[in-house]
Amino acid sequence: WSVRQPHINGIMQAHYLIEAVGKQFPVCRVQGETQSTSDPAKANARLIAAAPELLECIKDLWAAFPVRSQTDEVLMARTTAAIKKAEGGE
């Protein structure tokens with residue numbers, strides 16, 4: 001996925017489009033508060049665009065490293081919960 005801030009007649013718009021490669025329509029639109037490049041909506045849009053890759057990385061890390069301590073168990077439980085949430089589970 002990628003992030004694009006549209007321009008209309010040379011004017012930067014106050015929203016960002018998250019687009020999937022090869023798709024005709026945006027995956028989603030993140031509305032900003034201003035037309036500024038420092039708008040927090042830009043960071044949110046980038047995070048959303050990176051989400052599929054981040055999820056795959058977390059799943060790969062989770063599979064690659066065995067639980068070794070009580071701290072690891074807590075971290076793994078949080079990781080498992082985050083993966084379930086991302087995949088639509090509870």
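The first residue of the sequence shown is numbered 1, and numbering continues consecutively from there.
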- Task: Using the salt bridge (charged side-chain N to carboxylate O under 4.0 Å, His left out) rule, collect all pairs that involve residues 43-56, keeping only residues at least two apart or in two chains.
- Result: E56-K59
- Message: Among residues at least two apart in sequence or on other chains, which ones pass side chain to side chain contact (heavy atoms under 4.5 Å, CB included) with T79?
- Response: I58, W62, L75, I83
- Does A20 have any side chain to side chain contact (heavy atoms under 4.5 Å, CB included) partners at least two apart in sequence or in another chain, and if so, which? W1, K23, V27
- Message: Using the side chain to side chain contact (heavy atoms under 4.5 Å, CB included) criterion, which residues pair with N44? Sequence neighbours excluded.
- Response: V30
- Query: Taking ILVMFWY side chains as joined if any heavy atoms are under 4.5 angstrom apart, and letting links pass through other members, which residues group with V74?
  - Reply: none
